[in-house]
Number of protein chains: 2
Amino acid sequence: MLPIDADRFLSDLHELRAIGASGVGKGVVRPAYTPDDIAARDWLYRKFEEAGLTPHIDHMGSVFGLAEGPSILMGSHSDTQPEGGWLDGALGVIAALEVARAAKEAGGPAVSVVSFQDEEGRFGVTTGSSVWCGLQEAEQAAHLTDINGMTLEEARSAMEDRLGDPVDPGRFTAFIEMHIEQGPVLDTEGEVAGVVEAIVGIRDMEIVLEGEQNHAGTTPMHLRRDAFQALSDFNTQLNDRLRNVVTPQTVWTIGHVALHPDAHSVVPGRATFSMQWRDGDKDRLDRMESIIRETVQEIATARGMSVVFGPMLGLDPVAMDPGLRETLARAAEAEAPGRWRHMPSGALHDASNMARLMPAAMLFTPSIGGLSHTFSEDTDEEDLTACLRVLARAVADLG
Amino acid sequence: MLPIDADRFLSDLHELRAIGASGVGKGVVRPAYTPDDIAARDWLYRKFEEAGLTPHIDHMGSVFGLAEGPSILMGSHSDTQPEGGWLDGALGVIAALEVARAAKEAGGPAVSVVSFQDEEGRFGVTTGSSVWCGLQEAEQAAHLTDINGMTLEEARSAMEDRLGDPVDPGRFTAFIEMHIEQGPVLDTEGEVAGVVEAIVGIRDMEIVLEGEQNHAGTTPMHLRRDAFQALSDFNTQLNDRLRNVVTPQTVWTIGHVALHPDAHSVVPGRATFSMQWRDGDKDRLDRMESIIRETVQEIATARGMSVVFGPMLGLDPVAMDPGLRETLARAAEAEAPGRWRHMPSGALHDASNMARLMPAAMLFTPSIGGLSHTFSEDTDEEDLTACLRVLARAVADLG
């Protein structure tokens with residue numbers, strides 16, 4: 001067993017939480033490339049150095065702490081949602097740091113640490129690891145825009161003096177990511193760890209419905225081409241049409257809506273909205289995409305409106321490495337007998353991309369009430385350290 | 001007949017259009033208290049002075065050009081929607097200016113001119129005339145907020161050095177407002193003037209549906225309390241329930257929607273939206289209000305969500321003065337025989353408020369394609385001058 005220090009681990013987690021603390025519970029506001037995100041990356045850079053790792057920031061802003069020679073890569077991300085929790089991403093980075101320190105003290109195995117940039121998708125979907133894994137070109141990613149129209153390139157320029165070359169993936173033998181579940185299963189069942197079998201696939205695009213902007217007092221209802229009414233109609237019909245296609249695990253979300261001109265007294269002429277859907281089966285993701293496109297198009301045509309589909313971002317479902325899963329499962333059973341499970345990940349993670357480059361695996365800790373992507377996100381510290389012990393045991397086993 | 005100068009009238013209209021010109025067609029961006037709105041009011045102040053009227057800006061920022069002794073008050077507003085046309089409001093102010101000049105040259109009758117502040121409701125509904133008419137207290141209006149949370153008081157401070165006392169309404173004998181129809185009737189029928197019988201009533205409030213913000217990948221559909229889904233469901237059910245209550249003239253609009261936190265990967269926990277409805281019958285407005293409140297409440301309860309209703313803004317339907325209507329009708333028949341009509345106003349106007357203080361009337365000109373509250377709003381200049389002649393003849397008749 002590696003000599004992990006639970007107090008040092010928790011103390012580091014709380015120190016990182018203070019960078020961009022929202023002032024609401026343990027909430028954190030640290031979206032990619034914001035001053036607080038960059039400050040957190042600078043803090044990690046120093047921590048990696050102190051741990052005897054070679055710190056390095058790549059061309060996307062992902063921060064590495066590199067061990068010498070071949071090593072196991074561990075980590076997650078330190079950027080957050082616009083309103084995020086203290087553990088989503090940060091937990092996996094600090095757990096990796098603690099395991100790397102303990103492994104160094106124990107004389108092996110060699111562990112490197114990473115915090116990927118923009119996992120939360122201010123600009124895309126798991127942008128930093130996606131570029132590193134060659135799923136998209138860095139030049140293409142540079143032109144991605146956030147919700148306010150700022151490009152990744154513009155946002156990244158705030159940390160331009162820190163950026164270096166991409167790290168050679170060939171130096172790593174495996175990738176392991178610890179993360180909160182962000183769902184209700186482990187918490188409801190009173191379990192402390194989940195060994196991830198596969199990460200569900202995700203599709204995400206922005207859709208624009210364009211009708212006719214007009215006066216809300218003088219335009220009769222039957223002559224309107226109201227973009228909000230079209231959006232609402234689309235949503236209702238989509239929910240209906242998906243019913244026979246989805247499973248209880250399938251999810252779909254309209255999380256962003258912008259009306260134009262967005263005034264009380266004006267019939268909205270344009271509705272821009274996000275459409276995101278996730279499922280463990282690639283064929284089902286495809287079927288859902290067809291239904292979404294057809295339904296929007298039908299509604300636009302019926303209402304004399306036009307529709308523009310934005311670029312499709314997404315990742316296919318990804319299975320975790322069987323050997324690493326088995327190692328994690330053995331460690332979980334040793335540390336928390338009967339209080340862990342195999343489970344799918346409904347959320348997307350950097351490990352989805354990493355599985356393209358090397359054997360990859362994930363370990364989940366509970367989320368209280370299943371809450372995540374909110375200031376209320378939390379996990380008992382006892383569960384955090386129990387899960388850290390599972391992780392450390394698995395890494396020792398790999399050595 | 002008063003010696004109106006059509007060229008001078010059109011030239012002034014175009015000069016005013018240049019202040020805040022949007023660069024798209026004849027579009028104008030001049031919301032209340034913005035630098036361009038204030039510049040337009042300064043320009044009007046000088047124009048009134050040049051016309052031999054006594055310029056005065058009241059405590060709300062409404063600009064008057066006052067004739068001596070008792071006079072007929074004419075005018076409209078010079079603020080615009082966030083994306084407005086060149087005639088909505090401005091036409092009535094410049095037509096009044098031209099009639100006042102012509103009347104002065106002809107030796108009578110005495111005509112005063114006004115441009116009310118915030119008719120378009122950046123902060124409320126016809127805010128400037130509403131305060132002047134005592135429908136709301138100035139101190140209460142000062143705390144109204146715009147869509148970005150700025151108070152009227154803060155916005156108004158930009159023209160603080162120009163503000164004076166309220167004008168005494170007792171000096172005016174009547175109010176006449178010329179305005180574009182902002183609907184399709186006159187344009188479709190090839191008519192040049194509409195004599196308004198009554199202005200429909202309006203109700204407007206903001207509603208907040210609060211559910212639970214959560215991760216869009218890990219929260220099963222059946223456990224979600226998604227505020228956008230609740231809004232969409234409300235909209236669908238409302239349209240259904242209103243069907244047996246409304247007439248073909250009734251309108252209702254959701255023009256503003258803000259989701260929180262408004263991100264692709266987050267189930268929206270809060271939806272804030274505007275609900276506005278208009279009708280000529282006060283009882284129907286009341287019935288619609290009950291249905292709206294009940295429907296939102298039912299949906300919130302069924303989904304385990306909470307609802308907050310904002311303050312209700314609105315005006316009851318208002319009949320125009322029979323004597324003034326008769327005078328306008330006679331003038332219309334003399335200037336454009338068979339090419340005018342009596343009609344209701346689906347849009348709200350300052351004349352609604354003025355009718356509380358003195359006999360009030362309105363005259364409509366066509367809107368091409370019925371378009372308004374958009375950069376595309378326009379009217380043939382021939383129709384504008386034809387309608388100006390109707391207005392001038394009616395005022396001469398009143399003298």
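Labels below follow one simple rule: chain letters A, B, ... track the order of the sequence lines, proteins then strands, and each chain is numbered from 1. Computed from a prediction, not measured in an experiment: that's the story for all the values here.
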Taking all non-hydrogen atoms of both residues into account, name the closest pair between [X] and [Y] and its distance.
| X | Y | value |
| --- | --- | --- |
| B:Lys26 | B:Trp86 | O-CB, 3.3 Å |
| A:Val267 | B:Thr253 | CA-CG2, 4.3 Å |
| B:Arg30 | B:Ala90 | NH2-CB, 4.1 Å |
| A:Leu186 | A:Phe364 | CD1-O, 3.7 Å |

Is there a side-chain contact between [X] and [Y] in this structure, where contact means two heavy atoms from C-beta onward sitting under 4.5 Å apart?
| X | Y | value |
| --- | --- | --- |
| B:Asp281 | B:Leu285 | no |
| B:Ser352 | B:Leu315 | yes |
| B:His77 | B:Asp88 | yes |

Side chain, backbone, both or neither: which part of [X] has a heavy atom under 4.5 Å from chain B?
| X | answer |
| --- | --- |
| A:Asn239 | side chain |
| A:Ile254 | both |
| A:Gln213 | both |

Please look at [X] and chain A and tell me whether the side chain, the backbone, both or neither of the residue comes under 4.5 angstrom of a heavy atom of that chain.
| X | answer |
| --- | --- |
| B:Asp233 | neither |
| B:Trp252 | both |
| B:Thr250 | backbone |
| B:Leu371 | both |
| B:Arg224 | side chain |
| B:Glu377 | neither |
| B:Asn214 | both |

I'd like to know which of [options] tops the heavy-atom pair count under 4.5 Å against chain B.
| options | answer |
| --- | --- |
| A:Ile202, A:Leu231, A:Val257, A:Thr374 | A:Val257 |
| A:His260, A:Glu120, A:Gln276 | A:Gln276 |
| A:Arg122, A:Gln81, A:Met221, A:Glu212 | A:Met221 |
| A:Pro344, A:Ser265, A:Ala258, A:Gly370 | A:Ser265 |

**OP:** Could you check whether the rings of B:His373 and A:His215 sit parallel, tilted or perpendicular, using 30° and 60° as the cut-offs?
**Re:**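 Tilted.
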
Subject >> Parallel, tilted or perpendicular: rings of B:Phe273 and B:Phe234 (30°, 60°) >> reply: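 Geometry flag for B:Phe273 against B:Phe234: tilted rings.
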
